[in-house]
There are 2 protein chains.
Amino acid sequence: MQAKDIILGLLMQGPMSGYDIKQHYEVSLGHFFDASYGSVYPTLKQLEKTALIEKETIIQEGKPNKNLYSITDQGKEQFYQYLFSPIQADIYRSDILARLYFGKFGDAQSLIERLQEAVIQRQAQLAQLEHAYHMHKQDLSAPRLISLQFGMEDYKAQISVFQKGIQYLRSEESFEFWER
Amino acid sequence: MQAKDIILGLLMQGPMSGYDIKQHYEVSLGHFFDASYGSVYPTLKQLEKTALIEKETIIQEGKPNKNLYSITDQGKEQFYQYLFSPIQADIYRSDILARLYFGKFGDAQSLIERLQEAVIQRQAQLAQLEHAYHMHKQDLSAPRLISLQFGMEDYKAQISVFQKGIQYLRSEESFEFWER
DNA sequence: AGCGGCATGTAAGCTGTTACATGATTAC
DNA sequence: GTAATCATGTAACAGCTTACATGCCGCT
């Protein structure tokens with residue numbers, strides 16, 4: 001799974017601009033994929049060059065012009081090829097878990113603060129997914145609902161572990177430094 | 001957080017070879033970091049060149065020679081600099097969630113099979129973490145235990161969502177294709 | 001006879017990020 | 001007046017992966 005597969009998938013649902021695509025990343029895809037504009041625009045350009053998508057420039061009033069991209073038949077074919085290809089393993093990379101893993105080399109207080117921040121941040125992401133879920137649950141396909149549930153349950157589990165962790169570290173806080 | 005930070009952290013616990021480091025990735029770090037040998041060996045080389053670590057070659061009988069690396073004082077300083085630097089956002093990229101997200105363009109049967117595989121795979125990872133947790137819980141620091149708990153609870157939540165998802169898709173299976 | 005574990009390393013290439021560059025409109 | 005939203009793009013570079021290359025030992 002790469003940027004181009006996700007973009008093709010989004011265009012399967014209808015024409016979109018690069019900006020629209022990035023919005024989707026942030027709203028309903030963010031819990032399993034994200035990429036910057038520095039990836040979106042060059043990818044669109046490349047997909048257009050290989051005729052998998054087509055560009056139409058929309059002149060807007062009061063707003064900058066917009067490049068609306070649509071998927072072509074070749075693009076659809078390419079997307080189905082992705083959809084039925086073998087599944088790649090997930091990639092999860094977490095700095096906060098690394099700080100926990102090596103936590104004994106630091107101090108309890110700053111770890112607790114960082115966990116609190118991590119909780120707040122995940123609560124915000126959870127709220128966003130819950131919003132999307134309840135707003136659109138009537139019009140979303142069964143598998144898409146599962147992908148949103150995954151994100152929500154995942155965040156809930158993470159928040160719960162972090163909150164218990166904070167309690168636990170607080171109860172040992174008198175140590176300040178660990179010796180293990 | 002990059003490969004070099006993790007390697008430095010592992011060497012804080014004692015000397016290790018590139019092979020040992022990769023083993024650690026697979027056992028107790030795998031749920032939040034992984035990298036191939038093609039990253040491990042060049043990184044070690046570069047860290048040695050900048051005097052953050054030192055190499056000692058161990059001649060072994062019946063086994064290939066081993067390069068044991070130890071962290072230097074400069075390396076420790078560098079590690080602490082990482083440990084107290086701002087935390088980077090997590091990165092999660094999931095192909096199976098993408099397949100769910102775009103599931104309406106495929107068929108229910110193959111999605112169900114893929115979810116079943118995903119469950120089995122996560123159950124194996126969970127079992128591995130549980131093993132590590134119960135084996136070493138006496139000698140691990142509080143924060144490290146939290147990092148393992150995180151992995152375990154995360155996998156449990158994911159397995160649960162996937163299992164419920166399989167049930168749900170099965171109940172709609174007669175459709176074979178969706179129209180939303 | 002062959003596979004899995006132990007052990008190290010390189011080269012080419014892919015995929016993405018960061019930082020830069022631009023600029024109008026709308027809401028506070 | 002200033003921040004956010006809408007909107008597009010490039011160039012340099014970082015940081016990995018994949019595939020290749022080597023070779024002995026112990027088990028089955």
Side-chain angles (χ1 to χ4, degrees), chain A residues 1-8 10 15-27 29-30 32-50 53 55-69 82 85-86 88-95 98, chain B residues 1-8 15-27 29-30 32-50 53 55-69 82 86 88-95 98:
Chain A
M1 177 203 48
Q2 291 152 228
K4 69 168 201 279
D5 302 313
I6 301 292
I7 289 178
L8 251 20
L10 288 173
M16 269 186 210
S17 69
Y19 193 81
D20 295 336
I21 287 165
K22 179 65 176 156
Q23 298 314 107
H24 273 78
Y25 285 179
E26 266 145 36
V27 178
L29 275 154
F32 67 88
F33 184 84
D34 192 26
S36 65
Y37 284 118
S39 153
V40 173
Y41 289 115
T43 304
L44 284 170
K45 203 178 187 180
Q46 190 237 311
L47 288 173
E48 197 199 355
K49 206 170 64 187
T50 50
I53 63 176
K55 179 163 73 178
E56 187 197 356
T57 302
I58 309 289
I59 285 102
Q60 300 184 117
E61 285 170 38
K63 286 182 190 176
N65 289 351
K66 189 182 223 179
N67 295 332
L68 255 202
Y69 291 94
Y82 157 67
S85 69
Q88 302 300 297
D90 289 14
I91 292 165
Y92 182 54
R93 194 164 268 218
S94 172
D95 200 7
Chain B
M1 175 204 48
Q2 293 151 227
K4 69 168 202 277
D5 301 314
I6 301 292
I7 289 178
L8 250 20
M16 271 186 207
S17 67
Y19 193 82
D20 295 336
I21 286 166
K22 179 66 176 155
Q23 298 312 104
H24 272 79
Y25 285 179
E26 268 146 34
V27 179
L29 276 154
F32 67 88
F33 183 84
D34 192 27
S36 64
Y37 284 119
S39 153
V40 173
Y41 289 115
T43 303
L44 284 170
K45 203 178 189 182
Q46 190 237 314
L47 288 173
E48 197 199 356
K49 206 170 63 185
T50 51
I53 62 176
K55 179 164 72 179
E56 187 197 355
T57 302
I58 309 289
I59 286 102
Q60 298 183 116
E61 285 168 40
K63 286 181 193 178
N65 288 351
K66 188 182 223 180
N67 294 333
L68 254 200
Y69 291 93
Y82 158 67
Q88 302 299 297
D90 289 15
I91 293 164
Y92 182 54
R93 197 164 267 218
S94 171
D95 199 8

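Below, chain A is the first sequence line, B the second, and so on; all start at residue 1.
Taking atom CE of A:M1 as the reference point, atom C1' of C:dT15 lies 12 Å away to the nearest angstrom. What separates CD of B:E26 from C1' of C:dC6 is a distance of 13 Å, to the nearest Å. As a whole-Å value, the separation of B:Y69 OH from C:dA7 C1' is 12 Å. The separation between A:L47 atom CG and C:dG16 atom C1' is 15 Å, rounded to whole Å. Regarding B:R93, its CZ atom lies at a distance of 13 Å from the C1' atom of D:dG15, rounded to whole Å. One can place CG of A:D95 at 15 Å from C1' of D:dG15, the figure rounded to the nearest angstrom. The distance between atom CD1 of B:I91 and atom P of C:dG16, rounded to the nearest whole Å, is 12 Å. Here C:dC6 presents its P atom at 14 Å from NE2 of B:H24, a figure rounded to the nearest Å.
Each of A:L44 and B:S39 was assigned the nucleotide of DNA chain D with the nearest heavy atom; the assignment lying further toward the 5' end belongs to A:L44. Take the nearest nucleotide of DNA chain C for B:Q23 and for B:Q88: the residue whose nucleotide is more 5' is B:Q23. Each of B:G18 and A:A35 was matched to the nucleotide of DNA chain C holding its nearest heavy atom; the match closer to the 5' end belongs to B:G18.
Among C:dG9, D:dG15, D:dG9, the nucleotide with an atom closest to any side-chain atom of A:K55 is D:dG9. Of the candidate nucleotides D:dT10, C:dG23, C:dA7, D:dT10 has the atom lying nearest to any side-chain atom of A:Y41. With C:dG16, C:dA7, D:dA7 as the candidates, the nucleotide lying closest to the side chain of A:Y19 is D:dA7. Distances were taken from every side-chain heavy atom of B:K63 (C-beta onward) to each of C:dG16, D:dC16, C:dC6; the shortest belongs to C:dC6. In the set C:dG16, D:dT8, D:dT10, the nucleotide with an atom closest to the side chain of A:N67 is D:dT8.
The side chain of B:N65 places no N or O atom within less than 4.0 Å of a non-bridging phosphate oxygen (OP1 or OP2) of C:dC6. At D:dA7, one or more side-chain N or O atoms of A:Q60 fall inside 4.0 Å of OP1 or OP2 (strictly under the cut-off). Phosphate proximity of D:dT17 to B:S36: present, with a side-chain N or O under 4.0 Å from OP1 or OP2. For C:dA7, the OP1/OP2 oxygens have a side-chain nitrogen or oxygen of B:K66 closer than 4.0 Å. In terms of phosphate contacts, A:K45 brings no side-chain nitrogen or oxygen within less than 4.0 Å of OP1 or OP2 of D:dT8.
For A:K22, the NZ atom is densely surrounded, since the number of other residues' heavy atoms within 6.0 Å is greater than 12.
Using modelled atom types and a 3.5 Å distance limit, the side chains of A:N67 and A:Y19 yield no donor-acceptor pair. A donor and an acceptor atom, one from each side chain of A:N65 and A:T57, are nowhere located under 3.5 Å apart.
Ring centers of A:F33 and A:Y25: under 6.0 Å apart, within the cut-off.
Here A:G38 lies in heavy-atom contact (under 4.0 Å) with a base.
You'll find the side chain of B:H24 reaches within 4.5 Å of the side chain of B:M16, heavy atoms only.
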Residue pair A:Y69, A:D20: steps toward the side-chain hydrogen bond (donor to acceptor under 3.5 Å, both in side chains) verdict:
CA-CA 10 Å; A:Y69 291 94; A:D20 295 336; over 6 Å; no
